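Here is the structure we will look at.
Along the sequence shown, residues are numbered consecutively beginning with 1. No experiment lies behind these values; they were computed from the predicted model shown. Just follow the structure's listing: the first ligand is 1, and inside any ligand the first atom is 1.
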Amino acid sequence: MSDHSAVKAVLRTQHIETPSWAFGNSGTRFKVFAQEGIPRDAYEKIADAAVVHRYTGVAPSVAVHIPWDTVDDYADLAKHAENLGVKIGAVNPNVFQDDDYRLGSICNPDPAVRRKALEHLLDCVDIMDATGSRDLSIWLADGLNYPGQDSLADRQARLEEALAAVYERLGENQRMLLEYKFFEPAFYATDVPDWGTSYAHCVELGDKAQVLVDTGHHAPGTNIEFIVAFLLRKNRLGGFHFNSRFYADDDLMVGAADPYQLFRIMVEIVLGGGLDAASGVAFMLDQCHNIEPKIPALIRSVLNVQEATAKALLVDSEALRAAQRAGDVLGANGILVDAFSTDVRPLLAELREEMGLDPDPIAAYRRSGYAEQIVAERVGGTAAGWGA
Ligand code: RM4
Ligand code: MN
Ligand code: MN
């Protein structure tokens, strides 16, 4: 696409969802460094998410994680979000932080634990009903640390059974996104370790089951854009959890480690029609800002996704296809590299001005005084976080 106004028109429609948990304190298993001004509850996390949207204009929803974001009245939480100009996005069940889940959740050898985990997944669908959320984002920590610890095959059967029960419970416009991760916390075998396993379960379940690609959940060197192209072609790409990794599931800011990889992913999205509303691809962030201030880090992350998308939209797809057909290896590659090398910052600044936003969202946030305001206001109570 070489017409800049067409590129800008598409960029206006791309929505990037922030994760509520990224606004809370987080860390590694070694240390959680507490920050000041951290939200104490889901209401305050949503207020921070609304600020990210206010300055970027393209982050109008926030995912919740249950029980981290438990409230008495979910319809009220949804109303609070709406009053601030955002919506509640995906609901993420948490079936990994209870003592009962030592040997897994819905794959656990104990039927009582499996039932408890399933109940939680079903409760999360109730929350979706109350908040109007479309997506149930399932990530399971289930797996084994030692060979022989449990039957790999039986665990697949248990997984299948529980997922089918959740699928049954979904409303007409609700979806289940099944996330995979190759290791951690389990070190020997994970029950949903890769996109193929997720894909096979989704195909068996039905159209409302879709694969969720968390960019940090792959072995080094994995060609993620291939996975994206494959799933998109099969209408099974439910969405992304964007973040960056250098080594394992680092949860760093998307685009920080390898902007060229992010661009290549977005190229497949653009070429495969993944930006069309009908494709249903959800662009979500799943990050932890352990040492940097959270709100500007999330603004930066949203901008990084937007920048990669803008570059992908600039790929001259007609010339690319012609070069591919002609077997012009260097020509085809040059078209991608040209688009990646384009400085899209002026175009994005222009877009923001057209949207009534400050062309420099991070500077505008800094000037706003919000960071100082929350430090002054959020005194007392318990800061949100997983307190490892
Ligand atoms: C997992 C996975 C999930 C996220 C948790 C906190 O590694 O990425 O999506 O909910 O972390
Ligand atoms: Mn994730
Ligand atoms: Mn992760």
task: Give yes if a backbone or side-chain nitrogen or oxygen of N92 is under 3.5 Å from a nitrogen or oxygen of ligand 1, and no if not.
output: no
query: For the Mn ion (ligand 2), which N, O or S atom of E179 is at the shortest distance?
result: OE2
task: Could you tell me the separation between the CH2 atom of W68 and the CG atom of N92, rounded to the nearest 0.5 Å?
output: 8.5 Å
query: At what distance is the nearest protein heavy atom to atom 2 (C) of ligand 1, and which residue and atom is it?
result: E179 OE2, 3.3 Å
- prompt: So do the side chains of Y365 and V51 get within less than 4.5 Å of each other, counting heavy atoms only?
  reply: yes
message: I'd like to know if the Mn ion (ligand 2) has an N/O/S atom from H241 within less than 2.8 Å of it, counting both backbone and side-chain atoms.
response: yes
- request: Salt-bridge test for D207 and R236: reply yes if a basic N is under 4.0 Å from a carboxylate O, no otherwise.
  value: yes
- request: Give me the ring orientation class for F226 and F230: parallel if the planes are under 30° apart, tilted from 30 to 60°, perpendicular past 60°.
  value: tilted
- request: Check each atom of ligand 1 against the heavy atoms of H241 and keep those under 4.0 Å away; list them by number with element.
  value: 9 (O)
Among the N, O or S atoms of D249, the one nearest the Mn ion (ligand 3): OD2
query: Hey, is there an N, O or S on D214 sitting under 2.8 Å from the Mn ion (ligand 3)?
result: no
- request: Run the numbers for me: atoms of ligand 1, each under 4.0 Å from some heavy atom of D249, listed by number.
  value: 7 (O)
query: Is it true that the NZ or CZ of K311 lies under 6.0 Å from the centre of F340's six-membered ring and within 45 degrees of the ring axis?
result: yes
query: Is ligand 1 under 4.0 Å from a heavy atom in the side chain of H217, in the backbone, in both, or in neither?
result: side chain
- request: Would you mind checking if R352 and D360 are paired as a salt bridge, meaning a charged N to carboxylate O distance below 4.0 Å?
  value: no
Plane angle bin for F187 and F183 - parallel if under 30°, tilted between 30 and 60°, otherwise perpendicular: tilted
query: Looking only at heavy atoms, is any part of D286 under 4.0 Å from ligand 1, and if so is it the side chain, the backbone, or both, or is it neither?
result: side chain
task: Report, in ascending order of atom number, the atoms of ligand 1 lying under 4.0 Å from any heavy atom of D214.
output: 8 (O)
field: Atom name, D286 (N, O or S, nearest to the Mn ion (ligand 2))
entry: OD2
message: Pairs of nitrogen or oxygen atoms closer than 3.5 Å, one from H65 and one from ligand 1: do any exist?
response: yes
- request: Classify the angle between the aromatic ring planes of F283 and F242 as parallel (below 30°), tilted (30 to 60°) or perpendicular (above 60°).
  value: parallel
query: If you measure from each non-hydrogen atom of D251 to ligand 1, which part falls under 4.0 Å: side chain, backbone, both or neither?
result: neither
field: R367/D358 salt bridge by N-O under 4.0 Å criterion
entry: yes
